[in-house]
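Below is one structure, written out as structure tokens; comments come after it.
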Amino acid sequence: MKTAVIIPSRLASVRLPRKPLHLIAGISLVERVWRKAIESGYDIFIATDSDEIASHVTSFGGRFIMTPAECESGTERVAVAAKTLPDDYQVIINVQGDEPLITPEVIKEVANQFELRSSVLIATPITPLLDESDLTNPNAVKVALASDGRALYFSRSPVPFVREPKDTDTKGLFWKHIGVYGFRRKTLGQLAELLPSKLEQVEKLEQLRWLDAGYPIQTVKVDYDSVAVDTIEDVHRVEEILSRSK
């Protein structure tokens with residue numbers, strides 16, 4: 001099944017100006033994400049509304065797709081970009097442009113879900129939530145699971161709530177969401193047509209729009225803890241991790 005990885009990338013960022021072009025240990029954020037994604041072996045495209053980003057992508061050998069500035073989310077930008085691809089691309093993987101440490105294994109595990117089961121329409125990775133501070137960190141998105149691995153709910157708050165912690169075995173109960181999504185191409189087009197839901201507007205999590213509309217989201221358990229870059233502090237954290245891995 002032919003798969004394309006699309007990385008949404010835009011210059012506008014409140015907390016870290018010109019974020020995709022910000023250097024992390026001498027290499028731009030968008031190039032670091034691309035370098036990791038290309039190791040997956042899939043075709044990689046960067047969806048952007050910026051001529052400056054497009055020029056930069058060309059400079060390091062990447063491929064870009066121009067998209068409208070009006071796209072309201074990364075998924076919408078990916079959906080617009082996907083429309084320009086040949087019809088034989090049937091699976092689209094959205095790798096967020098702020099994940100410089102994403103591994104090719106995570107991307108491949110998400111893509112494999114569509115080969116394994118024809119019923120999978122959307123797939124996304126999760127990892128055990130091991131850092132207790134993430135439970136109350138609104139930037140660490142939590143997910144509650146059904147017994148078959150389907151996502152029941154995503155939240156910035158701790159879910160599920162443990163009413164009687166002394167009497168409850170919480171092992172394997174808390175999961176952290178990783179910002180990568182896989183879609184069947186037809187499903188992605190349908191999702192792009194949905195209007196925002198109230199739950200999405202409250203939590204500021206677009207995947208709640210899909211659940212609210214009845215689209216099942218299959219989770220994939222992976223051994224990877226997301227380090228997304230949204231602030232200069234995140235840049236320093238990633239640089240520290242990179243220095244330790246040398």
Side-chain angles (χ1 to χ4, degrees), residues 1 3-8 37 40 42 72-82 89-99 102-103 105-129 134 138-161 172-226 228:
M1 191 175 297
T3 297
V5 175
I6 301 180
I7 303 168
S40 68
Y42 302 122
E72 295 184 0
S73 68
T75 302
E76 182 178 345
R77 193 173 302 282
V78 167
V80 170
Y89 287 102
Q90 290 302 304
V91 173
I92 307 295
I93 308 295
N94 174 357
V95 173
Q96 303 290 351
D98 58 4
E99 291 275 350
I102 191 67
T103 68
E105 290 77 20
V106 169
I107 297 171
K108 288 188 283 190
E109 287 190 49
V110 171
N112 285 342
Q113 298 305 305
F114 300 94
E115 296 280 3
L116 293 172
R117 284 176 285 182
S118 60
S119 61
V120 173
L121 303 179
I122 308 169
T124 194
I126 60 173
T127 195
L129 194 152
D134 279 341
N139 293 318
V141 177
K142 278 68 68 173
V143 56
L145 303 180
S147 58
D148 61 359
R150 286 178 300 109
L152 294 174
Y153 191 72
F154 295 85
S155 182
R156 298 185 183 277
S157 298
V159 289
F161 175 75
L173 196 59
F174 294 102
W175 295 89
K176 180 179 176 181
H177 180 234
I178 307 298
V180 175
Y181 298 99
F183 309 93
R184 292 197 187 273
R185 185 171 180 164
K186 181 178 179 180
T187 300
L188 177 59
Q190 294 170 344
L191 297 177
E193 300 298 321
L194 296 176
L195 295 176
S197 70
K198 288 186 177 181
L199 287 174
E200 173 194 4
Q201 291 171 332
V202 169
E203 292 261 20
K204 303 303 181 186
L205 296 173
E206 63 178 331
Q207 60 268 45
L208 294 177
R209 182 191 313 191
W210 314 335
L211 287 178
D212 193 48
Y215 287 86
I217 301 176
Q218 183 64 42
T219 64
V220 188
K221 297 174 182 178
V222 298
D223 182 20
Y224 168 77
D225 194 358
S226 173

Check for a donor-acceptor pair, side chain of [X] on one end and backbone N or O of [Y] on the other, with a separation under 3.5 Å.
X: Q218; Y: D148; answer: yes
X: R184; Y: V120; answer: yes
X: E115; Y: N112; answer: no
X: R156; Y: K204; answer: yes
X: R185; Y: I92; answer: no

Going by distance alone, is a donor N or O of one side chain under 3.5 Å from an acceptor N or O of the other, for Y153 and E203? yes

With a 3.5 Å cut-off and no angle check, do the side chains of T124 and Q207 form a donor-acceptor pair? no

Atom pair [atom1]/[atom2] of [X] and [Y] - distance to nearest 0.5 Å:
X: T3; Y: M1; atom1: OG1; atom2: CE; value: 7.5 Å
X: L129; Y: D225; atom1: CG; atom2: CG; value: 8.0 Å
X: Q90; Y: T187; atom1: CD; atom2: OG1; value: 10.5 Å
X: E206; Y: S73; atom1: CD; atom2: OG; value: 4.0 Å
X: I7; Y: R77; atom1: CD1; atom2: CZ; value: 13.5 Å
X: W210; Y: L191; atom1: CH2; atom2: CG; value: 6.0 Å

More than 12 heavy atoms from other groups under 6.0 Å of CG on N139: yes

Are any of the side-chain heavy atoms of [X] and [Y] separated by less than 4.5 Å?
X: K221; Y: E109; value: no
X: H177; Y: F154; value: yes
X: Y181; Y: V95; value: no
X: W175; Y: T219; value: no
X: P128; Y: F174; value: no
X: V159; Y: L152; value: no
X: T127; Y: Y224; value: no
X: I93; Y: V110; value: yes

Atom of [X], atom of [Y] and distance for their closest heavy-atom approach:
X: A37; Y: I107; result: CA-CD1, 3.7 Å
X: S157; Y: K142; result: O-CE, 3.4 Å
X: P216; Y: I122; result: O-CB, 3.8 Å
X: K176; Y: S226; result: NZ-O, 3.8 Å
X: Q96; Y: G179; result: CG-O, 2.6 Å
X: L145; Y: A151; result: CD2-CA, 4.4 Å

Can K108 and Y42 be said to form a side-chain contact (heavy atoms from CB on, under 4.5 Å), step by step? CA-CA 9 Å; K108 288 188 283 190; Y42 302 122; 3.9 Å; yes

For the pair F183 and T75, evaluate side-chain contact (heavy atoms from CB on, under 4.5 Å) and give the outcome as yes or no after the intermediate values. CA-CA 10 Å; F183 309 93; T75 302; 4.1 Å; yes

Under the side-chain contact (heavy atoms from CB on, under 4.5 Å) criterion, do L188 and V78 qualify, and how do the steps go? CA-CA 9 Å; L188 177 59; V78 167; 4.0 Å; yes

E200 and L205: side-chain contact (heavy atoms from CB on, under 4.5 Å), yes or no, with the steps? CA-CA 5 Å; E200 173 194 4; L205 296 173; 5.8 Å; no

